[in-house]
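Only one structure is covered here, and it is reproduced in the block below.
Keep in mind the model is a prediction, meaning the values are calculated, not measured. Remember, it's 1-based here, ligands and their atoms both numbered in the order they're listed.
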Amino acid sequence: MSAPRLEIDLKKLVENAQIVKAFCLEKGVNLTVVTKAVCGSMEIVESLLANGFSSFAESRIANLQRIRQSGLDAQLILLRSPMLSEVKQVVAYADISLNTELSVIRRLDKQALKTGKTHAILLMLELGDLREGILPSDLSEIVQEILTMEGIKLLGLGTNLACFGGVAPSAEKMRQLSAIAWKIEEEYDLNLEIVSGGNSANYQWLMSGEDLGATNHLRIGEMIFLGRETLAREPVLDLHTDVFTLVAELIEHKVKASKPYGELAQNVFGHRPAFNDLGERPRAILAVGEQDLDISGITPRLDAKIIGATSDHLILDAFGLDLDVGDEVAFDLNYSALLRAFTSPFVEKKYLK
Ligand SMILES: *Cc1c(COP(=O)(O)O)cnc(C)c1O
């Protein structure tokens, strides 16, 4: 087997997804699986489809295109607001897109009419996290125009918190979303099919026993893949937290000084790192680096300390460890390490069935 590689335990992954789905359904909330952290992996989508999941969301249209063109029967949602330059592909490959700009929605409408389709949208609301979102005070006017568009179906509203600004989806924020949804329904005498309240950060709110109001949908990625909610990254619902394992191979093992010697200047990434002098220590170099993934987001399963990394090398303090050249070392990954490892062509993906 080659290294570095990402081992994916599909059985644990599907179990996590089923537990999260049951938890949501019990509260009356439908679930879309967000596959962007696994780069729209076909193996993962197929495993989930085979186990009763039918709605998937992605932020990259190329991943949706691949899933659509494989002929799988699934609802596909584009999470990131469409670029004007990709409107054609969005209408072709996504059933639903999340939107905040009228200029984009007008173009989606045109493209849908041109190709004889209806494109469904959710309007995203800005509630404090300051990523994408329509200001609540602007919503009514935007809805008014959308309702005149024949190529667009306004499926509902959504919001995304705890992503850029780290603002929690508190009971108050969620009540605000519901109030806005109900007001729009009343004002335009319509029924919003979907009120999409958020992501893995909504776990505590779901648990709190608060009335969920109009919210009937969540878009969940990290909680399924890594087994944690995302406000404090606590493991929840007895989910597996080891669905993914990064494996890297040892290419050098030597006893060296622990403090670099010579005239000190910047390192490869423009930093001037500081080192404690611990005398001579055994050091292991693994063939994996910043080009492959976010090294700050991995944790060795061995009791070992990562000293640092360059583009292609990870340096481990190997004190007290029985390691040699050719050995493999396993790591846990956080969200950003997983995201980048999945996207790297240098990291093999090995699916365990
Ligand atoms: C990434 C993303 C999600 C999923 O977030 P998780 O923390 O992985 O559950 C949901 N909604 C939007 C709009 C996203 O961009």
Side-chain angles (χ1 to χ4, degrees), residues 13 16-17 19-21 23-24 29-41 44-45 48 53 55-61 63-64 75-83 90 94-101 104 120-134 155-169 173-174 177 194-207 215-237 239 241 243-244 294 297 333-343:
L13 193 156
N16 276 4
I19 292 168
V20 173
K21 184 183 178 181
F23 171 71
C24 289
V29 167
N30 287 312
L31 173 94
T32 289
V33 180
V34 174
T35 58
K36 70 183 179 217
V38 295
C39 204
S41 155
I44 290 174
V45 169
L48 289 169
F53 292 82
S55 177
F56 300 93
E58 257 298 326
S59 44
R60 308 287 167 140
I61 197 71
N63 284 343
L64 286 186
Q75 177 188 68
L76 301 182
I77 303 177
L78 180 66
L79 291 172
R80 186 170 68 184
S81 312
M83 292 183 264
V90 173
D95 300 302
I96 305 171
S97 61
L98 275 41
N99 284 275
T100 64
E101 290 287 358
V104 174
I121 62 168
L122 296 182
L123 293 178
M124 296 300 277
L125 284 166
E126 166 58 51
L127 294 182
D129 199 55
L130 293 179
R131 203 179 72 180
E132 80 278 30
I134 295 167
L155 208 56
L157 302 180
T159 194
N160 198 55
L161 292 161
C163 216
F164 175 69
V167 171
K173 296 282 182 193
M174 291 295 103
L177 175 65
I194 296 181
V195 177
S196 188
N199 51 45
S200 299
N202 284 65
Y203 171 80
Q204 286 173 13
W205 167 73
L206 267 186
M207 276 303 270
T215 299
N216 61 6
H217 179 261
L218 290 174
R219 312 167 304 270
I220 305 269
E222 182 163 350
M223 185 155 67
I224 291 173
F225 298 131
L226 298 180
R228 296 168 188 272
E229 57 76 47
T230 57
L231 289 182
R233 295 270 164 2
E234 295 293 339
V236 291
L237 301 174
L239 297 169
T241 55
V243 170
F244 302 94
D294 177 4
L333 304 93
N334 73 6
Y335 189 79
S336 90
L338 180 67
L339 184 79
R340 276 167 56 184
F342 244 104
T343 311

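Between atom 14 (C) of ligand 1 and the options Arg219, Lys36, Glu58, the minimum heavy-atom separation is to Lys36. The residue among Leu161, Ile220, Asn199 with a heavy atom at the shortest distance from atom 5 (O) of ligand 1 is Asn199.
Side chain of Ser55 to main chain of Thr32: no donor-acceptor pair is present (N/O by atom type, distance under 3.5 Å, no hydrogens or angles). The backbone N or O of Ala337 sits nowhere less than 3.5 Å from a side-chain atom of Asp294 that would complete a donor-acceptor pair. Side chain of Asp129 to backbone of Val167: a donor-acceptor contact under 3.5 angstrom is found. For Ser196 (side chain) and Gly158 (main-chain N/O), no donor-acceptor pair under 3.5 Å exists by modelled atom type.
Each of the atoms 10 (C), 11 (N), 12 (C), 13 (C) of ligand 1 lies under 4.0 Å from some heavy atom of Asn160.
At a 3.5 angstrom cut-off on N or O pairs, Thr230 does not count as close to ligand 1. Taking distance alone, with nitrogen or oxygen atoms compared against 3.5 Å, Glu132 stays at or beyond that limit from ligand 1. Residue Met223 has no N or O atom closer than 3.5 Å to an N or O atom of ligand 1.
For atom 9 (O) of ligand 1, the nearest non-hydrogen atom of the protein is Ser200 OG, 2.5 Å. At the top of the distance list for atom 13 (C) of ligand 1, counting protein heavy atoms only, stands Arg131 NH2, 3.5 Å.
Exactly one residue among Gln204, Glu222, Met207 makes a side-chain contact (heavy atoms from CB on, under 4.5 Å) with Glu229. That residue is Gln204. If you run side-chain contact (heavy atoms from CB on, under 4.5 Å) between Leu122 and each of Leu79, Val195, Leu98, only Leu98 comes through.
Taking a 4.0 Å cut-off on heavy atoms, Glu229 fails to register as neighbouring ligand 1.
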